[in-house]
Amino acid sequence: MSKDSPFLTAAPVLVPMPAERAYTYAVPQGMCVAPGSVVRVPLGPRLVAGIVWDGEAGSVDARKLRPIEQVFDCPPINHDMRRFIDWVSQYTLSPPGMVARMVLRAPEAFDPEPWTPGLRLSGGQPDRMTGARERVLAIAAGGLSWTRSGLAHAAGVSSSVIDGLKAQGVFETVMMPPLPVVAAPDTTYAVAELTPDQRLAADELCACVRAGGFKVSLLDGVTGSGKTEVYFEAVAAALEQGRQVLILLPEIALTHAFLERFQNRFGVKPAEWHSDLPPRMRERVWRQVAQGTLKVVAGARSALFLPFDNLGLIVVDEEHDPAYKQEDRVFYNARDMAVVRAHIGGFPVVLASATPSVESQVNAQQGRYGRVVLSARFADAALPNLRTIDMRRAPPAKGSFLSPLLLQEMGRVLERGEQSLLFLNRRGYAPLTLCRSCGHRFGCPVCSSWLVEHRFRGQLVCHHCGHTEKKPEACPDCGTLDHLVACGPGVERIAEDVKEHFPDARTIVLSSDIAGGVRRLRLELEAIAKGDADIVIGTQLVAKGHNFPNMTLVGVVDADLGLANGDPRAAERTFQLLSQVTGRAGRTGKKSLGLLQTYQPEHPVMQAIISGDSELFYAREIAERERTGLPPFGRLAGIIVSAPMRAEAQGHARALRLNAPEASDIFVLGPAEAPLSLLNGRHRFRLLVHGERRSDLQGFIKAMLAAGPKVRGQIRVQVDIDPQSFL
DNA sequence: AGCACGCCGACT
DNA sequence: GTCGGCGTGCTC
């Protein structure tokens, strides 16, 4: 560069794009940047936000070199965060720019929040006093500045009263700094009364927080044991040390109810962070987190990429929840990345769950993670009495799916005026439709799964890719009329079944395809809690969170569902789901019952559920994984297929699950809708495999490619990278 | 990821 | 004759 060039230096900048390394930009004379600075740079035809990166600027053709447009006036992305971005990038095999993109996903947050106009008493008097004016003046008398609407609201008057006073010079306008999203939590607001059990657990977590330094604790407590109250104490301890806290929740658990519990303890709600936060709020939260003014964020997995200034604790609630896995763009499990982030930052992390994942359980057993156990439910929340119903001995009547034993209990519950829950994790009416005349089965034309009948809507729906068609009168194959028959039950069909046995009972079906969306669902849940239904029939949506005080019977229609689908996590998932569902009963102090309809009552999952002995289940599961060669924790395998080949990819994923025991987690990515044409070889896909034994994986990939359709593409294998090997 | 360029099928 | 589908390539 010539001596009088306006650009003195060049700097590496990570741009939000899948480039393998930072791009190089010229730094205009007089501009001051350092690693971490958030900058605006030209990229192709547009301007984007990037992060000035560490290390030397790469050498780039001087004609390509473009200048940094602007350094944003916002806190730089700190050193720990930059190391975190690098680590996640390496671990997930994603370009660092794509990880940076997740950090910078608050488009307008990089410029300082504008000051807002406010009002303050000037000392002048109004021409004439009215009741409304008196109230306003009394409120404003403290000498503080108010926003126009804030003051109106506080005084209980309309804002035109304020305008009137302002016009008479009673108020003067002053500019106010941006308000915090929420006020600082008060750790002494309502100190929880803990049981001795909870106290012990809380003290242990608080000790970790006060000692500082990296430490993972698995907080393992049965449903209803008060895990939240316990980890709130750890949150309080971190706050008292002046540190920020992140509470990660599965998106679905980020409810009003949770925020309220936090408020009951700390006097204010935590800041929220999730995918449909309004843009304005997004910006404010991002910025205030970076400045360190926001102390607690409760967020979905993406909150892990917020640029905290002084993070001192992460809590991962429901750590086993599959919602922590992001399965597009950058593939990661937020629970594991939280552990990594805590390690980089040198602070503790709490993983909480009533049904920990097998890998966390193993980590705790092997001493990598500390374990804090809450064994007892508190107060009157007794555990329900759980039993299996052997469907071979007590089969349902023809055309029904409910065993006489379950129906009998439902009848008793109904007589007592209490509520029953029937759980079946399958939406729609019937999972398979076939023609009695020719045997034709209705399959999805897009992917390879069966079409599920939705009788209320009169449609056949693919639950895999979303394909929908009208249910025909005649068989499309042989043309025979009225010979189509539904096989197997979905919740709609169970509702029909229930109606036949209990015609007068008020029944309600809850599944994710309920008309009216989230709002309607919330109303229905409230109605049920109030006692407006006798029998609730629901999919896994009823398993989470909600408490129904009058629910004394939970019947699992098909406890075996999900055990035989070839997924290595099938048993674990079923165990977790059934634990949650049966936990819906017995929170009342009333005698309650859980009944599991199963054809394999001797199965370890059923045994573990009815005995309440989860250790039994984990021991069996870990032994089973050792026997089959599936690693007990940490290692994950992923198959990533770029659009538009999801359906074929599902086939590969199934093969991967069956053939590669090390594939404990399998990701498939790609838009579902596009029709696929793998066979013509015009598409490309990418297969990424994380695993333990290189030779096994390579052997598997070779076998898969030899067996599969003609695929040209890029294959990368990376081995031996689980969070543990990092620690 | 976004965006422009470029090549083959159905239509104002 | 164009409009528009998506496959390909590029961004410091």
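Proteins get letters first, then strands, A, B, ... in listed order; numbering begins at 1 in each.
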* To do: Check for a donor-acceptor pair, side chain of Q244(A) on one end and backbone N or O of D309(A) on the other, with a separation under 3.5 Å.
  => yes

* Decide, yes or no, whether a salt bridge links D513(A) with R457(A) under the criterion of side-chain N to carboxylate O below 4.0 Å. => yes

* Tell me what P18(A) touches on the nucleic acid: a base, only sugar-phosphate, or nothing, going by heavy atoms under 4.0 Å. => base

* Asked: Contacts to DNA chain C from residues 37-49 of chain A, heavy-atom cutoff under 4.0 Å, which residues?
  -> P42(A), L43(A), G44(A)

* Nucleotide dC10(C), atom C1' - distance to NZ of K64(A) in whole Å -> 8 Å

* Asked: Just the endpoints, please: which first and last nucleotides of DNA chain B, 5' to 3', lie under 4.0 Å from a heavy atom of chain A?
  -> dA1(B) to dC3(B)

* Would Q288(A) and E113(A) count as having a side-chain donor-acceptor pair, cut-off 3.5 Å? -> yes

* Between E319(A) and S357(A), a side-chain donor and acceptor under 3.5 Å -> yes

* Asked: In terms of ring plane angle, is the pair Y332(A) and F305(A) parallel, tilted or perpendicular, where the classes change at 30° and 60°?
  -> perpendicular

* **CZ (R520(A)) with more than 12 external heavy atoms under 6.0 Å** => yes

* Asked: To the nearest angstrom, how far is D61(A) atom CG from dC10(C) atom P?
  -> 15 Å

* Check the angle between the aromatic planes of F258(A) and F262(A) and answer parallel, tilted or perpendicular using the 30° and 60° thresholds. => tilted

* To do: Please report, rounded to the nearest Å, how far the C1' atom of dC10(C) is from the CE atom of M17(A).
  => 9 Å

* Nearest-Å distance, CZ (R66(A)) to P (dC10(C))? -> 16 Å

* Separation of dC12(C) P from L65(A) CG (nearest whole Å) -> 10 Å

* Asked: Is it true that E318(A) and R335(A) have a side-chain N and a carboxylate O under 4.0 angstrom from each other?
  -> no

